[in-house]
> 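I have a structure here, written as structure tokens, and I will follow up with some questions on it.
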Protein chains: 2
Amino acid sequence: MTPPFRSAQLPPPAPVPERAQGLPMADGGVATERADAARNRMRLLEAAARLVAEHGAEHVTMEAVACAASVGKGTVFRRFGDRVGLMYALLDHSERAFQQAFLSGPPPLGPGAPPVERLEAFGVAAIRHTLAYMDVLLETDQDANRRYSHPARLVRGTHIAVLLREAGVTGDLALLTENLLGCFEPPLVNHLRTVRGMPVERLEAGWRDLVDRTVRRGPSGCCP
Amino acid sequence: MTPPFRSAQLPPPAPVPERAQGLPMADGGVATERADAARNRMRLLEAAARLVAEHGAEHVTMEAVACAASVGKGTVFRRFGDRVGLMYALLDHSERAFQQAFLSGPPPLGPGAPPVERLEAFGVAAIRHTLAYMDVLLETDQDANRRYSHPARLVRGTHIAVLLREAGVTGDLALLTENLLGCFEPPLVNHLRTVRGMPVERLEAGWRDLVDRTVRRGPSGCCP
DNA sequence: GATATTAACGGACCGCGGTCCGTTTATTGG
DNA sequence: CCAATAAACGGACCGCGGTCCGTTAATATC
């Protein structure tokens with residue numbers, strides 16, 4: 001009688017775009033959002049961003065966002081699915097910018113530098129990104145399931161895995177990657193900074209050290 | 001006008017014991033719970049455990065617990081503070097047992113084995129513990145702040161740090177410890193098992209590998 | 001431009017976590 | 001045993017996330 005599992009997700013009702021989707025159609029066009037829908041999405045994102053800036057993400061209610069955007073509450077949920085979805089939407093721009101920086105920007109973050117250097121630069125950038133958007137990120141952390149399946153996390157994970165491989169790391173790359181990703185968990189970073197009082201430089205140095213330990217030759221003997 | 005921070009905690013109203021406290025008093029006695037309070041705590045814990053077993057932690061409401069224990073809703077909150085507090089209380093016994101096992105049980109988990117072996121055994125035990133209590137642990141994960149400051153996590157962290165030191169690891173032990181602790185995050189373990197389909201053995205092997213990489217000689221050159 | 005279709009809208013509604021405060025009851029001191 | 005005190009009780013109450021469904025209006029077709 002115990003219900004399936006936490007990871008059993010809401011099935012296929014699947015409205016909830018969270019972002020204007022361009023689904024290809026039979027005739028070669030794209031199924032675009034209706035004009036009013038698109039306008040409301042913009043209004044909602046702007047209102048949400050304003051309220052977050054004013055009161056902190058933690059104190060922004062869905063109803064307040066709806067009201068500030070002069071829109072019904074139902075509309076907010078239809079556009080963004082739930083509170084966490086709205087928060088993710090708020091992060092979308094900066095996350096894309098970050099992705100572009102490490103996928104195709106200038107070295108050492110982007111291609112062109114040796115993999116270990118890129119990895120170190122990546123972590124430093126990720127930590128800074130986390131700090132910059134901390135309060136919204138902490139809100140997205142509410143839904144543990146989505147956190148680990150979110151596209152942004154997958155992209156980061158793939159990037160790390162590729163760099164590890166390029167660096168000649170052997171072993172369970174998937175797990176090593178997850179371990180490295182753990183360094184950017186917003187609540188962890190927040191805790192280390194706020195409660196334990198660690199300066200950013202220390203976190204960055206810790207990341208570099210960790211990368212070195214991970215990369216420095218595989219599980220078997222040290223220095224063949 | 002932005003409110004202080006997320007980590008700013010509820011000040012000192014400080015009822016919320018979460019566990020029968022034995023505070024020392026002037027006369028040498030202990031300030032114990034009133035009889036009815038203690039009885040209600042037991043009833044609530046039993047009721048909660050039953051409901052969790054029956055319906056899964058995720059579907060247990062505070063009102064249902066109160067009702068099943070024939071107690072008012074207010075009483076549940078006075079005893080355990082909030083939902084997460086109740087969940088932590090449910091985990092208390094097993095967590096203490098685990099602590100005893102690695103602090104004073106037989107080797108290789110307890111004292112007597114070399115530190116690296118203990119560390120590896122610790123991780124394996126922690127992963128199993130996490131899997132065994134997964135659904136309740138996932139509920140405790142709601143409150144990100146408390147997660148990182150919870151006594152149980154501190155104990156685990158101290159244990160890891162001590163073993164790392166004994167193993168002769170140099171570097172930022174605090175950060176290395178946090179990184180290793182990340183391997184036991186319930187939502188991560190759940191994701192790797194449920195979504196990514198990794199068997200327990202793989203997680204355990206991954207832990208051992210990670211310990212090896214962490215321990216194998218510090219940040220500077222490889223094999224002096 | 002009129003009509004049909006279908007997506008989008010919005011606010012009433014629900015459930016649950018958490019609080020408040022008037023009432024009850026265990027305890028202690030005489 | 002009785003009174004006084006303070007702790008514990010319990011349920012009405014509140015706010016917010018999320019859902020539902022009758023209404024509205026954008027688009028497509030003619």
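Throughout, protein chains are lettered first and strands after them, A, B, ... in sequence-line order, and every chain is numbered starting at 1. Hydrogens, waters and symmetry mates are skipped; everything else that's a heavy atom, side chains included, is used.
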> I need the residues from residues 66-75 of chain A with at least one non-hydrogen atom less than 4.0 Å from DNA chain D; give them sorted by number, or say none.
A/Lys73

> I need the minimum non-hydrogen distance between A/Ala69 and A/Arg43, along with the two atoms involved.
O-NH1, 3.2 Å

> Looking at B/Arg196 and A/Glu178, is there a salt bridge between them, counting it only when a charged N and a carboxylate O are closer than 4.0 Å?
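Yes, charged N to carboxylate O under 4.0 Å.
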
> Quickly, which of B/Arg41, B/Glu63, B/Met62 forms a side chain to side chain contact (heavy atoms under 4.5 Å, CB included) with B/Val76? Name it, please.
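Testing B/Val76 for a side chain to side chain contact (heavy atoms under 4.5 Å, CB included) against B/Arg41, B/Glu63, B/Met62 leaves exactly one candidate, B/Met62.
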
> Atom CD of A/Glu33 to atom P of C/dA7: distance rounded to whole Å?
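Nearest whole value for this atom pair: 13 Å.
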
> Exactly one of A/Leu173, A/Leu180, A/Val155 should register a side chain to side chain contact (heavy atoms under 4.5 Å, CB included) with A/Ile160. Which one does?
A/Leu180

> Dump the intermediate steps for ring pair (Phe, Tyr, Trp, His ring centres under 6.0 Å) on A/Phe98 and A/Phe122, then the final yes or no.
CA-CA 10 Å; A/Phe98 178 44; A/Phe122 174 81; 5.6 Å; yes

> Compare every heavy atom of B/Val124 with every heavy atom of B/Arg208, then report the nearest pair and how far apart it is.
NH1-CG2, 3.6 Å

> What is the distance from atom CD of B/Glu201 to atom CG of B/Leu203, rounded to the nearest 0.5 Å?
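Answer rounded to 0.5 Å: 8.5 Å.
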
> Count the heavy atoms of every other residue, nucleotide or ligand shown that sit under 6.0 Å from CZ of B/Arg39, and state whether that count exceeds 12.
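Yes, enclosed.
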
> Where do N or O atoms of nucleotides 22-25 of chain C meet protein N or O atoms at under 3.5 Å, pair by pair?
none

> Given that B/Ala35 and B/Glu63 both sit by DNA chain C, which one's nearest nucleotide is further toward the 5' end?
B/Glu63

> What I want to find out is whether B/Asp92 reaches B/Arg96 closely enough, with some N-O distance under 4.0 Å, to be called a salt bridge.
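Looking at B/Arg96 together with B/Asp92, the answer is yes, because their closest N to O distance falls below 4.0 Å.
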
> Which nucleotide span of DNA chain D, 5' end to 3' end, has atoms closer than 4.0 Å to non-hydrogen atoms of chain A?
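Answer, 5' to 3': D/dC16 to D/dT27.
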
> Could you state the atom-to-atom distance from CZ of A/Phe77 to C1' of C/dA7 in whole Å?
20 Å

> Closest approach of A/Phe102 and A/Pro111, non-hydrogen atoms and distance?
O-CD, 4.4 Å

